[in-house]
Amino acid sequence: MVLTVTAIALADFPVEQFLAHWWVFPVSILFSMIALSSGVSGALFFSPFFMLVVGLSPSQAIGAGLMTEVFGMGNGLLNYVRQRVVDYATAKWLLVGAVPTVVAGAFAAHYVPTTLLTILFGVGLLGLGGFLVLYDPPEKCVPGEREGKYLKAKNSGRGETTIETTDGETYTYDTCWRVPGVAMAGAGGFVTGLISAGLPEVTTTQLIVRCRLPPRVAIATSVFVLAIAAVAGAAVHALAATPVWYVVAWSIPGVLIGGTVGTRVGKHVPSEIMEPALGVVFTLVGMIVLGSELATF
């Protein structure tokens, strides 16, 4: 029975389309290297690429981007877990907001009209591009710099959190008031489910500037939250539509290779240069997406 099902699945696999898209493999290696070396969500690269270059529909491109990202973040997530720099107590609250909304956003991506989804995708790219240009990279943010008097009072008196890493570092900081974090993770999760990006960019910065988390801990915690939320979103996209296996069969091994190299390259790339440059690129891509869609009206 199992052999029969496997034979049917292989017979249905579009071999010609798969072989024709071999070039997705080297591009995926490059994108993964850039994403991991800069700390930016990989789906920001893949979804526009799948839509504009490969020619997938917006919902297919977003689903393929999330599926690719799930595998691409594996190396980085494993390193953070091994280093014990994830604030799991904060992460579980962020997941309360992120997982339900990323599922809702992923479902919405398959029911929103294609034209509207493309416009939302373009606007999302413009917003995220502007965010990368205007905001300092996480490593340069000052913990608590934008909490204000109200949040400062709310963030006080809730105890302390201590993170002891395997390399001997110890981080101790005030435990944050988590209600706003849940709300922001919820918003970021919905955007991620809808256009495949947004959660880590929103979560990492707010953990530092509002919750006073050290940048290293904030980044690791954000990646942990994204990993679980992205799995939920990718599963919904896979169930709601037929995954484009002839594309992701090339992109997934590409990101596994690129991720290994990217984590090493990232140590030598200054984030204060990389992130604004990528922000400009994403802004331009967003303008192209919007222009190509609005030109059809």
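What's counted below: heavy atoms across the whole structure, side chains too, no hydrogens, waters or symmetry copies. Positions are given from 1 along the sequence.
Taking the six-membered ring where the residue is Trp, Tyr246 and His21 present tilted rings, their angle falling between 30° and 60°. Between Phe49 and Phe31, the ring planes lie perpendicular to each other; the angle is over 60°, past the 30° to 60° tilted range.
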For Trp250 and Phe18, run ring-ring contact (aromatic ring centres under 6.0 Å, His included): C-alpha distance rounded to whole Å, both residues' side-chain angles, the deciding distance at 0.1 Å, then the answer. CA-CA 8 Å; Trp250 287 116; Phe18 169 70; 4.5 Å; yes
Could you go step by step and tell me if Thr161 and Asp87 meet the side chain to side chain contact (heavy atoms under 4.5 Å, CB included) rule? CA-CA 8 Å; Thr161 298; Asp87 181 346; 3.8 Å; yes
Given the rule in the side chain to side chain contact (heavy atoms under 4.5 Å, CB included) test, do Ile163 and Thr170 qualify, once you have shown the distances and angles that lead to the verdict? CA-CA 6 Å; Ile163 301 293; Thr170 299; over 6 Å; no
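The minimum heavy-atom distance between Thr166 and Arg84, with the atom names listed, is CG2-NE, 3.3 Å. Across all their heavy atoms, Gly193 and Ile62 have their closest contact at O-CG2, 4.0 Å. When all heavy atoms of Val85 and Ala220 are compared, the closest pair comes out as CG2-CB, 3.4 Å. Summarising the geometry of Tyr171 relative to Val217, their closest heavy-atom pair is CD1-CG2, 3.9 Å, with the distance given to 0.1 Å. What you find for Met67 and Ala234 is that their closest heavy atoms are CG-CB, 3.9 Å. Across every non-hydrogen atom of Leu95 and Ala229, the tightest pair is CD2-N, 4.5 Å.
A donor-acceptor pair shorter than 3.5 Å can be found between the side chains of Thr68 and Ser251.
Residues Ile257 and Phe25 form a side-chain contact, since some pair of their non-hydrogen atoms from C-beta on lies under 4.5 Å apart. Between Thr203 and Leu94, the closest side-chain pair of non-hydrogen atoms falls below 4.5 Å. Contact annotation: the side chain of Phe50 approaches that of Val24 to within less than 4.5 Å [non-hydrogen atoms, C-beta and beyond]. When side chains are defined from C-beta on, Gln60 counts as touching Val244, because their heavy atoms get closer than 4.5 Å. Side-chain atoms of Thr101 and Thr192, non-hydrogen and from C-beta on, never get closer than 4.5 Å to each other. Within the 4.5 Å cutoff, no side-chain heavy atoms of Lys92 are placed close to those of Phe224.
In terms of hydrophobic clustering, with Ile, Leu, Val, Met, Phe, Trp and Tyr side chains grouped at heavy-atom distances under 4.5 Å, Phe71 and Leu30 are assigned to a common cluster. Using a 4.5 Å cut-off between side-chain heavy atoms of Ile, Leu, Val, Met, Phe, Trp and Tyr, with links allowed through other members, Ile252 and Val27 fall into the same hydrophobic cluster. Trp245 and Trp23 fall within a single hydrophobic cluster, where Ile, Leu, Val, Met, Phe, Trp and Tyr are joined by side-chain heavy atoms under 4.5 Å apart, directly or via other members. Tracing side-chain contacts under 4.5 Å through hydrophobic residues (I, L, V, M, F, W, Y), one never reaches Leu66 starting from Val255; they form parts of separate clusters. Hydrophobic clustering of Ile, Leu, Val, Met, Phe, Trp and Tyr side chains at less than 4.5 Å, counting indirect connections, keeps Trp93 apart from Val102.
When atom types are taken as modelled, the side chain of Ser28 and the backbone of Gly254 share no donor-acceptor pair closer than 3.5 angstrom. Remark: side-chain polar atoms of Ser222 are not paired, donor with acceptor, to backbone N or O of Ala218 under 3.5 angstrom.
Put simply, CG on Leu213 and OH on Tyr173 are 4.0 Å apart, with the number rounded to the nearest 0.5 Å. Summarising the geometry, atom CD belonging to Glu164 is positioned 11.5 Å from atom CD belonging to Glu169; distances are rounded to the nearest 0.5 Å.
Counting non-hydrogen atoms of neighbouring residues, nucleotides and ligands closer than 6.0 angstrom, the CD atom of Gln17 exceeds 12 such neighbours.
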